[in-house]
Amino acid sequence: MDWKGRDVISVRDFSKEDIEFVLNVAERLETELNEKGALEYARGKILATLFFEPSTRTRLSFESAMHRLGGSVIGFSSAASTSVKKGESLADTIKTVEQYSDVIVIRHSMEGAARLAAEVAEIPVINAGDGSNQHPTQTLLDLYTIKRAFGRIDGLTIGLLGDLKYGRTVHSLAEALAFYDVELYLISPELLRMPKHIIEELRERGVKVQETTDLEGTIPELDVLYVTRIQRERFPDEQEYLKVKGSYQVNCAVLKRAKESLRIMHPLPRVDEIHPEVDKTEHALYFRQVFSGVPVRMALLGLTLGVL
Amino acid sequence: MAELKVTAIREGTVIDHIPAGKGLKVIEILRLNRPNGGVLLLASNVHSGKLGRKDIVKIEGKFLSEEEVNKIALIAPTATVNIVRDYKVAEKFKVEIPDEITGILRCANPNCVSNHEHTVSKFYVVSREPLKVRCHYCERTMEGEEILGNL
Ligand SMILES: [Zn+2]
């Protein structure tokens, strides 16, 4: 697969080989970064970060990745400051920005916006979240984190906890994990169960999937516990939110039943799903997970730019 | 074929084997429900060996574009199209749902970029029976009434 000029829009566009390739390149870059401190692969290249909707963490992660590759960054962090406010079409914004840059990272509130941007742009486009649809770099960094922590993904038992109904991250992660030989526990309140079509797809692809509401009973089985926040803004109905808010809290008491090797992940930010006392334990992997975003995004930027 | 003769047309199209009740929808989708000079006939709930009951639509003086045939396939996947010249069936074929549906279906997701920006809509057929399609842009799937309502 030639990565130069390729767009990164959806996990659906990836094969297992693609995923493995990106993870391997990311690992290589992380090692190099540790040895040399800074890299030069993207010297002279410019990344444009087009955040039509604010997401500071994701933007900083991409910017950090580009700087660590030796490149530079331009962009905006909300649509309010651009011509979009004057009614400019997304296509025109993209065609303009590509005159200034070598690769585009886009975050947009509309589903499909990144796909459209990629069709319009001659240069590679990377999706940093389009509405409730895709956030492929998050999925890749999640997989990378697991692989770095365990040395493998195959053979692990992974629990996905929290809002499995509206949670975009867990949907993509589950779909990507279906490439591997894993066992999945889907732990959520009844109201927030994983959509049926995703569970069916996972089963069709040979993943052992179990649905449960019981965290304490399940935790001894797990190698990885992936916790998500129950997000108020995703709920069409406030009453529904109030029924499930605070359903689970991962704290040291719950963790007494866990394997010593259990690792806890979370896409962050968290509210109260993981008690801060867990941070100091060996179980906490979520800050390491944030760090993983950098080498993974370095790999994607470098590959699509054709400099790696 | 006796019943066809009664209302035979000299030149045009006969859409046969439409599932009973879907004939009106076919007429609506082809925008035939307005005066266009030619004869338009709808036979509804006709006995059919294959389907039990079926609808037939005959349109005088009109031949269908590929896009129109694809639209019919989405509503009436069992339909056959007969092209009539000089009172005879000159050509006959079954409609077929293409792998990609371009330009004829709107996305049901109000937050899909295709409903806000200038794009040609595009869907991938995920399953034919029941018909299920996935939007190229927002990746949501549509089926059943949602598809019919957005043609
Ligand atoms: Zn759509």
Side-chain angles (χ1 to χ4, degrees), chain A residues 7-14 50 52-53 79 83-84 87-95 106-121 125 127 129-136 139 165-166 168 171-172 174-176 195-201 204-205 233-234 236, chain B residues 19 29 65-68 70-71 73-78 96-151:
Chain A
D7 303 305
V8 179
I9 305 303
S10 165
V11 175
R12 281 179 202 285
D13 301 339
F14 287 95
L50 312 187
F52 291 86
E53 140 188 288
S83 323
V84 174
E88 184 177 58
S89 72
L90 174 59
D92 280 5
T93 307
I94 298 294
K95 282 185 201 154
I106 180 174
R107 168 98 171 195
H108 202 287
S109 60
M110 270 184 231
E111 287 101 52
R115 181 78 68 192
L116 176 64
E119 284 175 348
V120 170
V125 171
N127 187 3
D130 59 333
S132 59
N133 184 32
Q134 287 276 336
H135 192 5
T139 303
K165 182 177 180 184
Y166 299 108
R168 166 181 70 186
H171 297 170
S172 317
E175 279 169 17
K196 242 172 77 192
H197 72 269
I198 297 183
I199 296 179
E200 278 165 18
E201 195 193 322
E204 273 165 33
R205 291 171 64 187
E233 64 272 21
R234 299 249 186 246
Chain B
I29 249 61
S65 67
E66 195 185 330
E67 187 176 293
E68 287 171 323
N70 287 342
K71 276 190 185 179
L74 298 184
I75 307 161
T78 51
E96 227 177 299
I97 299 170
D99 294 337
E100 283 179 23
I101 299 162
T102 310
I104 59 180
L105 192 58
R106 260 188 323 273
C107 184
N109 171 10
N111 201 37
C112 176
V113 75
S114 69
N115 288 318
H116 298 270
E117 291 267 332
H118 177 78
T119 60
V120 178
S121 76
K122 187 157 137 190
F123 295 84
Y124 303 102
V125 175
V126 182
S127 106
R128 286 190 159 74
E129 221 170 316
L131 181 60
K132 217 187 253 186
V133 301
R134 177 183 292 120
C135 177
H136 165 67
Y137 289 100
C138 71
E139 304 186 15
R140 290 220 193 152
T141 51
M142 280 165 60
E143 53 192 308
E145 287 303 311
E146 230 176 8
I147 294 176
L148 296 183
N150 284 288
L151 274 166

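Naming convention: chains lettered A, B, ... in sequence-line order (proteins, then strands); numbering from 1 in each chain. Note that the structure is predicted; figures quoted are calculated from it, not measured.
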Name the member of A/Gly131, A/Ala91, A/Ser89 that forms the most heavy-atom pairs with chain B at distances under 4.5 Å.
->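 Counting heavy-atom pairs under 4.5 Å, the top option is A/Ser89.
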
By a 4.5 Å heavy-atom criterion (distance strictly below it), what part of B/Asn111 contacts chain A: side chain, backbone, both, or neither?
->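 For B/Asn111, heavy atoms of backbone and side chain both lie under 4.5 Å from chain A.
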
For the pair A/Ser10 and B/Glu139, evaluate side-chain contact (heavy atoms from CB on, under 4.5 Å) and give the outcome as yes or no after the intermediate values.
-> CA-CA 9 Å; A/Ser10 165; B/Glu139 304 186 15; 3.0 Å; yes

Shortest non-hydrogen contact from A/Glu111 to B/Asn109?
->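 Smallest interatomic distance, heavy atoms only, reads OE1-ND2, 2.7 Å.
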
Any donor-acceptor N/O pair, B/Glu117 side chain to A/Leu90 backbone, under 3.5 Å =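 Flag set: sc B/Glu117 to bb A/Leu90 pair under 3.5 Å.
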
side-chain contact (heavy atoms from CB on, under 4.5 Å) between B/Lys132 and A/His197: does it pass, once the steps are laid out?
-> CA-CA 12 Å; B/Lys132 217 187 253 186; A/His197 72 269; 5.7 Å; no

Note, B/His136 side chain near A/Glu119 side chain (heavy atom, < 4.5 Å) |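 B/His136 vs A/Glu119: side chains touch.
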
Kindly compute the distance separating CG (A/Leu116) from SG (B/Cys138), expressed to the nearest 0.5 Å.
->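 Separation between the atoms: 12.5 Å.
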
Region of A/Ser109 in contact with chain B, defined by heavy-atom distances below 4.5 Å |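 For A/Ser109, the backbone is the part near chain B, not the side chain.
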
For A/Ser132 and B/Arg140, what are the C-alpha separation, side-chain angles and deciding distance, and is it a side-chain contact (heavy atoms from CB on, under 4.5 Å)?
-> CA-CA 10 Å; A/Ser132 59; B/Arg140 290 220 193 152; 3.5 Å; yes

Whether over 12 other heavy atoms sit under 6.0 Å from B/Glu100 CD |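 More than 12 heavy atoms, drawn from other residues, nucleotides or ligands, come within 6.0 Å of this atom.
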
Hey, mind stepping through A/Arg12 and B/Arg134 against side-chain contact (heavy atoms from CB on, under 4.5 Å) and telling me if it holds?
-> CA-CA 12 Å; A/Arg12 281 179 202 285; B/Arg134 177 183 292 120; 3.1 Å; yes

